[in-house]
Amino acid sequence: MKELDFEPAEFADRQRRVRAAMRAAGVELLLVTSPININYLVGARSKGYQHFQCLFFPLEPGPLILLSKLAERAELTDFSLADDIRSWGGYEPEDPIAATKKILDEKGYLRKKIGLEAPRYYVSPHEYMQLREVLGAAFVHDATRLVEDLKYVKSPAELAYIRRAAAIADAGMRSFVDALAEGRTELEVAAEAHRTMMALGSDAPPSPMNVGAGERSAYAHAMPNERRLRKGDFIHNEYGASYRRYVATLGRVMCLGTPTDRMREIYQAVRDASDACIATMRPGVACVEPHRVARGVLRKAGMEQFSVHTTGYGIAPGFPPAWGESIHMFADSPYTLEAGMVLSVEPPVYIHEEKLGARMIDNVLVTETGAEILSGFTRDFIVV
């Protein structure tokens, strides 16, 4: 029996829905290259994303071929639903696209209508151009979002993993806050959060932790470094806990010592924008609306021009270097909220000229009646 993170019936339903989407798009064979979507369809969690990999997913149910680098073969054999694990490289250098073509020729797949994913992180432009040349007239559909658009609403089993990740993230935040002390480095404080989360079962995070203290709080994605904490530092952090690749992100605002009035003002603007965004989230609401409301709050506070980041986005199973989904709360979003979606809420303020910035991050589950914040950690301004 293969060891999998979900029951066979859940995978069967996912595959059924993907095939229905393929049929609607006129696709007879889907080449799945995103590790997130390969994980979704056959349960693979290996580090194969570091190199080219491809799941050959036909419209008609049958044996599934998964091509990955040779080093991943043993793990994919034991921990995925793929029936036929094919390998490239390992013993000697090998072109993965040549290995892909060999399978296409062997199975007669080039006579089918083929959809191809082109995920931004996992297929290089060179590999994509090679694939398009190999597919020729068989390529009929850019399928980059075909699977992903079916994944935004989470199943009860997926939500259970996300809730567990959120609880782990809360514990990590408690360790982070408890570790804050004058003279400690950002790295030392971040290490305590990582230690706690991994001890509680978190996978390695798909994206690095962000810690911005003092003048570095003006940076949206400041990675922790050797800077030592000082009295009066304004601090924000962001990280994700990951349970079986399902991520919950969390971010809070704090001060080591007595905060200034301006720090409190910036925190309150961010908090009010977040609260207004969450209050707007419910099924049937266009994703642009919570963004519009959050921006309105920041505009009223005179800080809209410093909100240099999206208001929020969907949270997916995470594979490095990211954990986000394409669904987002931004001015150009074509999506509508549905019950079962999980999105981050994080309208920020970063004022480079003042060397101050803040972002509070919560993951929110859209419910039938509104929205539920998954973190139980205080959302107040934390003063240490």
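Please read all numbers here as calculations on a predicted model, not as lab measurements. Counting begins at 1 with the first residue of the sequence.
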inquiry  = I'd like to know whether CD of Glu226 has more than 12 heavy-atom contacts from other residues, nucleotides or ligands below 6.0 angstrom.
reply    = no
request  = Identify whether NZ of Lys or CZ of Arg in Arg245 sits under 6.0 Å from the centre of the six-membered ring of Phe319 and within 45° of that ring's axis.
outcome  = yes
query = Do Asn210 and Asn237 have side-chain heavy atoms sitting under 4.5 Å apart?
reply = no
Ser34 versus Glu117, side-chain donor and acceptor atoms under 3.5 Å = no
request  = Just do the salt bridge (charged side-chain N to carboxylate O under 4.0 Å, His left out) check on Arg262 and Glu354 with the steps written out, would you?
outcome  = CA-CA 10 Å; Arg262 184 58 166 166; Glu354 297 183 37; 2.9 Å; yes
inquiry  = My understanding is that a hydrophobic cluster links ILVMFWY residues whose side chain heavy atoms are under 4.5 Å apart, including indirect links. Using that, what else belongs to the cluster containing Ile327?
reply    = Tyr152, Val153, Ile278, Met281, Val285, Met329, Tyr335, Leu337, Met341, Leu343, Val345, Val364, Val366, Ile373
ask   = Does Ser242 reach the main-chain N or O of Asp203 with its side chain, forming a donor-acceptor pair under 3.5 Å?
value = no
request  = Without swapping roles, check the side chain of Ser202 against the backbone of Met198 for a donor-acceptor pair under 3.5 Å.
outcome  = no
request  = Tell me, please, which residues at least two apart from Tyr128 pass side-chain contact (heavy atoms from CB on, under 4.5 Å).
outcome  = Leu116, Ala118, Val123, Arg132, Phe139
Phe6 ring center within less than 6.0 Å of Tyr246 ring center = yes
inquiry  = Quick check: do Arg282 and Thr369 have side-chain heavy atoms less than 4.5 Å from each other?
reply    = no
request  = Using modelled atom types only, decide if a donor and an acceptor are shared between the side chain of Asp83 and the backbone of Leu64 within a distance under 3.5 Å.
outcome  = yes
ask   = Are Leu229 and Glu186 close enough that some pair of their side-chain heavy atoms sits under 4.5 Å apart?
value = yes
key: Rounded distance [0.5 Å steps], CG in Asp275 versus CD in Gln268   = 8.0 Å
inquiry  = Please tell me whether Met209 and Val189 are part of a single hydrophobic cluster in this structure, the criterion being side-chain heavy atoms less than 4.5 Å apart.
reply    = yes
task = For the residue pair Tyr350 and Tyr219, establish whether any side-chain heavy-atom pair is separated by less than 4.5 Å.
result = no
query = Is there a path from Val211 to Phe234 through hydrophobic residues (I, L, V, M, F, W, Y) whose side chains come within less than 4.5 Å of each other?
reply = no
query = When you check the side-chain N and O atoms of Thr249 and Asn363, is any donor under 3.5 Å from an acceptor?
reply = yes
ask   = Can you tell if the side chain of Ile65 reaches within under 4.5 Å of the side chain of Leu55, non-hydrogen atoms only?
value = no
key: Where at least one partner belongs to residues 62-75, residue pairs that pass salt bridge (Lys or Arg N to Asp or Glu O under 4.0 Å), sequence neighbours excluded   = none
query = Quick one: does Val349's side chain get under 4.5 Å of Val308's, heavy atoms only?
reply = no
ask   = Who pairs with Ser124 by side-chain contact (heavy atoms from CB on, under 4.5 Å), at least two apart in sequence or on another chain?
value = His126, Glu127
query = Are Glu215 and His352 side-chain neighbours, meaning at least one heavy-atom pair lies under 4.5 Å?
reply = no
key: Contacts of type salt bridge (charged side-chain N to carboxylate O under 4.0 Å, His left out), residue Lys101, not counting sequence neighbours   = Asp105
ask   = From Asn39 CG over to Ser80 OG, what is the distance, rounded to the nearest 0.5 angstrom?
value = 10.5 Å
message = Name the residue from Thr100, Leu104, Leu29 that meets the side-chain contact (heavy atoms from CB on, under 4.5 Å) definition with Leu135.
response = Leu104
Considering only distance and modelled atom types, tabulate donor-acceptor pairs under 3.5 Å from the side chains of residues 44-52, sequence neighbours left out.
unit_1 : atom_1 : unit_2 : atom_2 : d
Arg45  : NE     : Asp5   : OD2    : 2.6
Arg45  : NH2    : Asp5   : OD1    : 3.2
Ser46  : OG     : Gly48  : N      : 3.1

key: Qualifying salt bridge (Lys or Arg N to Asp or Glu O under 4.0 Å) pairs with a residue from residues 14-26, counting only residues at least two apart or across chains   = Glu10-Arg14, Asp13-Arg16, Asp13-Arg17, Arg14-Glu158
inquiry  = Quick one: does any side-chain atom of Glu289 pair with a main-chain N or O of Ala286 as donor and acceptor, under 3.5 Å?
reply    = no
ask   = Considering residues at least two apart in sequence or located in another chain, which fulfil the ring-ring contact (aromatic ring centres under 6.0 Å, His included) criterion with His221?
value = His309
remark   = Rounding to 0.5 Å, atoms NE2 (His194) and CD (Glu192) come to a distance of 11.0 Å
ask   = Of all residues at least two apart in sequence or in a different chain, which pass the side-chain contact (heavy atoms from CB on, under 4.5 Å) check with Thr336?
value = none
ask   = For the side chain of Thr196 and the backbone of Ser175, is there at least one donor-acceptor N/O pair under 3.5 Å apart?
value = no
Contacts of type salt bridge (charged side-chain N to carboxylate O under 4.0 Å, His left out), residue Lys154, not counting sequence neighbours = Glu325
query = Within the distance-only criterion (no hydrogens, no angle test), does the side chain of Asp170 pair as donor or acceptor with the backbone N or O of Gly376 below 3.5 angstrom?
reply = yes
request  = Would you sort out whether Leu66 and Asp84 count as a side-chain contact (heavy atoms from CB on, under 4.5 Å), showing the intermediate values?
outcome  = CA-CA 6 Å; Leu66 177 55; Asp84 184 357; over 6 Å; no
request  = Verify the neighbour count for atom CG of Asp261: are there more than 12 heavy atoms of other residues, nucleotides or ligands below 6.0 Å?
outcome  = no
key: Test item: Ser307 side-chain N/O and Met303 main-chain N/O as donor-acceptor pair under 3.5 Å   = no
query = Should we count CD of Glu94 as having more than 12 external heavy atoms under 6.0 Å?
reply = yes
ask   = Do the side chains of Leu81 and Val18 join up, straight or via other hydrophobic residues, at under 4.5 Å, putting them in one cluster?
value = yes
request  = Kindly write out the residues that satisfy side-chain contact (heavy atoms from CB on, under 4.5 Å) with Pro208, not counting sequence neighbours, or none if the list is empty.
outcome  = Met223
query = What pairs meet the salt bridge (Lys or Arg N to Asp or Glu O under 4.0 Å) rule with one or both residues in residues 355-375, with sequence neighbours excluded?
reply = Arg163-Glu372, Glu238-Arg359, Arg252-Asp362, Glu346-Arg359, Asp362-Arg379
message = Applying side-chain contact (heavy atoms from CB on, under 4.5 Å) to Tyr122 and Thr33, what does each step give before you reach the verdict?
response = CA-CA 7 Å; Tyr122 309 109; Thr33 58; 5.9 Å; no
task = Apply side-chain contact (heavy atoms from CB on, under 4.5 Å) to Ser326 and Arg145, showing your working.
result = CA-CA 8 Å; Ser326 295; Arg145 300 270 281 278; 3.5 Å; yes
query = Step by step, would you call Tyr40 with Ile36 a side-chain contact (heavy atoms from CB on, under 4.5 Å)?
reply = CA-CA 6 Å; Tyr40 185 75; Ile36 300 168; 5.8 Å; no
ask   = Looking at Arg184, Arg227, Arg216, Arg228, which hits salt bridge (Lys or Arg N to Asp or Glu O under 4.0 Å) with Asp233?
value = Arg227
message = Count I, L, V, M, F, W, Y as connected when their side-chain heavy atoms are under 4.5 Å apart, and connections chain through other members. Are Phe79 and Leu76 then in the same cluster?
response = no
task = Indicate yes or no: at least one non-hydrogen side-chain atom of Leu146 is less than 4.5 angstrom from one of His141.
result = yes
task = Verify, without hydrogens or angle tests, whether Gln15 (side chain) and Leu41 (backbone) share a donor-acceptor contact under 3.5 angstrom.
result = yes
inquiry  = Let me confirm one number: the OH-CG distance from Tyr267 to Asp380, rounded to the nearest 0.5 Å.
reply    = 5.0 Å
inquiry  = Quick check on the 6.0 Å ring-centre criterion: do Tyr161 and Tyr243 meet it?
reply    = yes
